[in-house]
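Below you'll find the structure, written out as structure tokens, and then a few comments.
Note that the structure is predicted; figures quoted are calculated from it, not measured.
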Amino acid sequence: MSEKDLNEKEGIKTNNFIHQLIDEDLKEGKNDQKVHTRFPPEPNGYLHIGHAKSICLNFGTALKYNGLCNLRFDDTNPSKEDVEYVDSIKEDVHWLGFDWGDREYYASDYFDKLYAFALKLIHEGKAYVDDQSAEEISRQRGTVNVPGHVSPFRDRTIEENLDLFDRMKNGEFEDGSKVLRAKIDMASPNMMFRDPILYRIIKTTHHRTGDKWCIYPMYDFTHGQCDYWEGITHSICTLEFEIHRPLYDWFINQLKDSDYRPRQIEFSRLNLTYTMMSKRKLLELVQKKLVKGWDDPRMPTICGLRRRGYTPESIRNFAERVGITKNDSVVDVALLEHSVREDLNKKVQRVMGVINPLKVVITNYPDGQIEELDAVNNPEDETMGTRKVPFSKELYIEKDDFMENPPRKFFRLSPGREVRLRYAYFITCQEVVKDENGEVVELHCTYDPATKGGNAPDGRKVKSTIHWVSVPTAVEVEVRLYDRLFNVEDPSGDKEHDFKEYLNPGSLTVLPKCYVEPFVKGSKSLDKFQFERLGYFCVDADSTSDKLVLNRTVGLKDAWAKANKN
RNA sequence: UGUCUUGUGGUGUAAUUGGCAACACAUCUGAUUCUGGAUCAGAAGAGUCCAGGUUCGAGCCCUGGCAGGACAACCA
């Protein structure tokens, strides 16, 4: 993928404040004029749309400047991580259209170097082993307004620290009994400098290093160093790490032996209306089985969106559109939905389908006759060709396309009115058949044979065109409609919420008896299409029954919903 | 009573570094079409958090406020 591909969409700006900073760095000749970024997920969950923003930024920036972008797994906490997540992350990044080449790294690749660096700090009197409990350390750290107090173990000798740290590594101590801390400044106004913890003891098998280690470095003691060793020039992360930057720089200063230095730059993470993006909570949804898995189409995960029919292009375009700034913001999910519609509209096959069937009998059409009519696959792209659609005496139309007592602006079928069946004939509704409850169950219509193909030789016009499926050849499918998972505008990530309170009970609607043209079944390669006027659908990848399961990609626009309510 | 950081239509971003606040989404009209989707045309909507200052001229510069966010895991 080239930058040009990424920028194919006219009107979408690809410049942002980070690029301006990079331009300045380049102008000043920093780091040999190189640009090298990295995408550094922790493999403790599946990637979501928020990560997509970061992926597009990091890989996109590398592409823009002819540089490289590494994929690096920040796997320093074995108690939360798993290869399942590693695999899914790789799949999702590739699917989005980015490639890290052979630069797949792991923070755990650097455990030896990190250990050696810790030793160096101890030797220089800049780190010490603290025997206090987590609670004690936390208590003496002070608060944002009051300075902390030094640990009673702060002045251990270098030899003692070396010995203790060695024994920590050798597994002589229990989890939580000792940590290695940097000796910086317990009174610093920046809490990050109050003797940050470098290493802790976790006797858990690591998904890559197994049981080789029982001490693991903390994020702050890992990230910058990894950036440094990989030759990263611009370490782009989200706003919550802003306050870590001075510490990031502090470690780099202890490490660096040349003019080269990576630079941390922060941007604001993506928030979407009606969308909950906290990894912790998404994990909870999966664990509590409130959704069927990480790829449940209601999830904002990349795999969930994929299964729902989103395309990589649409997500990349969306990421460009939301832009990169340091403002805390909440993007309207309608922008995401617009991005898919826009992309799908030009590449997706059109198919006639009926979600809520109403039977129509063409009384003057010959019994048992089936004729094939030509239908265009995509009116905006002739190269997608045409297909044959079978027509017969009995049809299904969409229930919403008929109203017995139409209001003023309803132009579709109603008693006595003539409309066009798309690609077929003009029909006129002659009779409405109801059941004992007064519910409309069937319509009797007549067709005009002269209007075959959809045009009247006498030039008469109809006000609307409706879609249909022929009963004898219809393929029965199950359609799943997914609404927004959360029914509040801003489930604001980090506050404590009861999921039940926010899960929209109507977020999944299963419509078991829907009908589509036989074409759908015959095309194995076809996984996405647009039902005429009913939105975009995607064949569910995991459907086990022989009946086709279709997921609706996006809901209908409000205008349509309103028009239908009348 | 801290450190870092952010304030531009409803939402998200722009503004050639001091020159008529622009674009997209959303909203509302209208037109057109063999899908009321798409498309096309148009409308409404901010005077840039506030108050001063510099300047012929400030969203951009200066001073002082106000409001929001992040930071007190042995998470990342």
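For the residue pair S133(A) and E136(A), a side-chain donor N or O sits within less than 3.5 Å of a side-chain acceptor on the partner. No side-chain N or O of N44(A) forms a donor-acceptor pair with one of E81(A) less than 3.5 Å apart.
Within the structure, every side-chain polar atom (N or O) of S464(A) is placed at least 4.0 Å from both OP1 and OP2 of rG36(B). Within the structure, a side-chain polar atom (N or O) of S329(A) is placed less than 4.0 Å from OP1 or OP2 of rU13(B). Taking only side-chain nitrogens and oxygens, R200(A) comes nearer than 4.0 Å to OP1 or OP2 of rC75(B). OP1 or OP2 of rC74(B) has not a single side-chain nitrogen or oxygen of S133(A) nearer than 4.0 Å.
Ring-plane geometry between F531(A) and F529(A) is classed as parallel, the angle between the planes falling under 30 degrees on a 0 to 90 degree scale with a further cut at 60.
Look at CG on D220(A): it is 13 Å from P on rC71(B), rounded to the nearest Å. As rounded to whole Å, 19 Å separates atom P of rC74(B) from atom CD of E174(A). Between the CZ atom of R280(A) and the P atom of rA76(B) there is a distance of 16 Å, rounded to whole Å. Rounded to whole Å, the distance from OH on Y274(A) to C1' on rU11(B) is 12 Å.
Partner assigned to rU27(B) is rA43(B), using Watson-Crick or G-U wobble distances below 3.5 angstrom. The partner of rA38(B) is absent, by the rule that a Watson-Crick or G-U pair needs both atom distances under 3.5 Å. Within the shown strands, rU3(B) is the pairing partner of rA70(B) under the Watson-Crick or G-U definition, both distances less than 3.5 Å. Summarising the base pairing, rC75(B) is matched to no nucleotide, lacking a Watson-Crick or G-U wobble pair whose two defining distances lie under 3.5 Å. Pairing for rU63(B) goes to rA51(B), judged as Watson-Crick or G-U wobble with the two contacts each under 3.5 Å. Across all strands shown, rG18(B) remains unpaired; no Watson-Crick or G-U wobble contact has both distances below 3.5 Å.
Taking 3.5 Å as the limit, the base of rU5(B) and the side chain of E266(A) contain no donor-acceptor pair of atoms between them. Side chain R321(A) to base rU13(B): no donor-acceptor pair is found below 3.5 Å. A donor N or O paired with an acceptor N or O is found under 3.5 Å between the base of rA76(B) and the side-chain atoms of H244(A). Between the base of rG36(B) and the side chain of R412(A) there is a donor-acceptor pair shorter than 3.5 Å.
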What's the verdict on side chain to side chain contact (heavy atoms under 4.5 Å, CB included) for F241(A) and Y219(A), showing C-alpha distance, side-chain angles and the deciding distance? CA-CA 11 Å; F241(A) 293 102; Y219(A) 167 84; 3.5 Å; yes

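Glycosidic conformation, rU17(B): syn, with the torsion inside 90° of 0. With its glycosidic angle within 90° of 0, rA73(B) adopts the syn conformation.
Salt bridge absent: D130(A) and K178(A) never bring a charged side-chain N and a carboxylate O closer than 4.0 Å. With respect to D131(A) and R156(A), a salt bridge is recorded, a charged nitrogen being found less than 4.0 Å from a carboxylate O.
Going from the C1' atom of rC20(B) to that of rG59(B) covers 14 Å, rounded to whole Å. The P atoms of rC56(B) and rG69(B) are separated by 41 Å, rounded to the nearest whole Å.
Applying the side-chain hydrogen bond (donor to acceptor under 3.5 Å, both in side chains) criterion to S188(A), with sequence neighbours excluded, gives no partner residue.
Between I201(A) and A334(A), the residue anchored nearer the 5' end of RNA chain B, judged by the nucleotide with its closest heavy atom, is A334(A). Mapping E240(A) and E380(A) onto RNA chain B by nearest heavy atom places E380(A) closer to the 5' end of the strand.
For F391(A) and Y425(A), the gap between ring centers is short of 6.0 Å.
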Quick test: give all pairs of protein nitrogen or oxygen and nucleotides 31-33 of chain B nitrogen or oxygen below 3.5 Å, distance rounded to 0.1 Å.
none

